[in-house]
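On a predicted model such as this, the values are computed, not experimentally measured, just so you know.
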Number of protein chains: 2
Amino acid sequence: MIRVLIVDDHQVVIDGISSILEDDASIKVVDSALTGADALRKLEFCAVDVLLLDINMPEMDGIEVVRQLHKKGIKVNVLILTMHNNAQFTKQLIELGVQGCILKNSGKKELIFAINEVSQGRRIYSEDVTESLFDSLEKTQNAVDQVQLTKREVEIIKLIASELNTNEIAEQLFISSHTVDTHRKNILSKLGVKNLAGLVKFAYENQLV
Amino acid sequence: MIRVLIVDDHQVVIDGISSILEDDASIKVVDSALTGADALRKLEFCAVDVLLLDINMPEMDGIEVVRQLHKKGIKVNVLILTMHNNAQFTKQLIELGVQGCILKNSGKKELIFAINEVSQGRRIYSEDVTESLFDSLEKTQNAVDQVQLTKREVEIIKLIASELNTNEIAEQLFISSHTVDTHRKNILSKLGVKNLAGLVKFAYENQLV
DNA sequence: ATTATTCTCACTATTTATGGGTATTTACTT
DNA sequence: AAGTAAATACCCATAAATAGTGAGAATAAT
């Protein structure tokens, strides 16, 4: 028997999902909450296997709820319900260790299947979601080929990104610090960024780290 | 009929894969190459639907081959063959727009299926691979919770990462630049990093950007 | 009500980074 | 042989960041 707690700011959604899950003998909706705060409260006293969590909620959104769960040391399998399919968002969820994420327009079968998987500690991300994650990862590249950086410049970017200053880089490469300075200037102008921060950003977005 | 070009630095692997693919009527191995450079040469004159590409090769590795393909404007569906299952690596592949990636110890069926999918322009990443990608994404978080940053500090980190300097941040937040300076100092010491570069790195690794 | 944290501001001093030049040597291309 | 790109090096000047120290005011927590 899988005990589920439903969290959504709309009672109709809660009722709808409840009625769907009622049909399944292996799942029991033990409680529900209309706010994140309420969910956290109930999770402290109520044994729950799967937390069915809406993302878009006023005041405390789903992500914040998960963060609080971590802070309080409450361990529960989380299945996120979301309407949109944003990649940046998905990334965050995965990084938070959320077990699963399905779109709100998923069918009854998908929902029940997902709850079962998540309750076993397995990961479930609907195809649309992973697809959008891949898409977002794809975007980043390209820039490094657009900008004509020399080998030496790439080398120096990496060293800058690893927190070395001009002198340290000069020592490591056995060249004058003046030369490193020149390279820095050229890099900044080639990348069209204002300062070190922009440089490190570029390094990150182009996997030079 | 799917035309395949096999690239691997071991002739035995090429022969092995060839013999597997021979059994399938819809796939034809048109040629093979033992080095990345040779593969690039052959791709210019030979019509190929799917490039079956080994990653670990001396001199020019698979990733570099894909980069060169982009540079030369050669468009071909790439299916990567890999032995290990490294996440950082997978990320790079996805970012390069590689259609698929399967482990060398995959079975015959998986391989043929993957080639078919990739030839249609669809994406195929074996489960192990995506799993490891998820794992790596999960690791990054935590740090932001470990370090006790205040709201203001997080706010300032974001502004620094977007290439604003101290004065610009002060203007934007309607506070003195001295205050921003103090925050910067506290942030650097809390994060235990040496300079701006380390700060921006932290921002990136913790999705504060 | 008291404590603790956070946010705020200031001063000095030093180190680093940035922006503007110029110039030489090497290696590769045509 | 001439031209070009890359790596090297130096100068000057200014802007910005880092380090150290101290301290008042607002807020949240107990």
Next item on the list: Would you kindly give the CD1-to-P distance between A:Ile157 and D:dA7, to the nearest whole Å?
Entry: 12 Å

Next item on the list: Quick one: pull up OG in B:Ser18 and CG in B:Asp31 and give me the separation to the nearest 0.5 Å.
Entry: 10.0 Å

Next item on the list: Could you check how far CG of B:Leu173 sits from C1' of C:dC7, rounded to whole Å?
Entry: 12 Å

Item checked: OP1 or OP2 of C:dC7 under 4.0 Å from side-chain N/O of B:His183 -> no

Check: Can you check the A:Ile156 CD1 to C:dA17 P distance for me, whole Å?
Finding: 12 Å

Next item on the list: Grab the CG-P distance between A:Asn186 and C:dG21 for me, whole Å please.
Entry: 13 Å

Checklist line | Euclidean distance, atom CD of residue A:Glu155 to atom C1' of D:dA6 [Å, nearest integer] | finding: 13 Å

Next item on the list: Kindly indicate, with the supporting measurements, whether the criterion salt bridge (Lys or Arg N to Asp or Glu O under 4.0 Å) is fulfilled by A:Asp181 and A:Arg184.
Entry: CA-CA 5 Å; A:Asp181 258 333; A:Arg184 292 186 81 122; 5.2 Å; no

Next item on the list: Using a 4.0 Å heavy-atom cut-off, write out nucleotides 9-28 of chain D from 5' to 3' as B (base contacted by protein), S (sugar-phosphate only) or - (no contact).
Entry: BB-----SSBBBB-------

Notebook entry, point to check: How long is the line joining NZ of A:Lys151 and C1' of C:dA27, in whole Å?
Noted result: 13 Å

Note to self: Just checking A:Lys28: does its NZ atom have more than 12 heavy atoms from other residues, nucleotides or ligands closer to it than 6.0 angstrom?
What the structure shows: no

Margin query: Check this one for me: any side-chain N or O of A:Thr150 less than 4.0 Å away from OP1 or OP2 of D:dA5?
Written below: no

Margin query: Does B:Asn167 form a side-chain hydrogen bond (donor to acceptor under 3.5 Å, both in side chains) with B:Glu171? I'd like the steps, not just the answer.
Written below: CA-CA 6 Å; B:Asn167 281 324; B:Glu171 278 176 36; over 6 Å; no

Checklist line | Carboxylate-amine/guanidinium proximity below 4.0 Å for A:Glu117 and A:Arg122 | finding: yes

Item checked: Inter-residue atom distance A:Ile17.CD1 - A:Glu22.CD, 0.5 Å rounding -> 12.5 Å

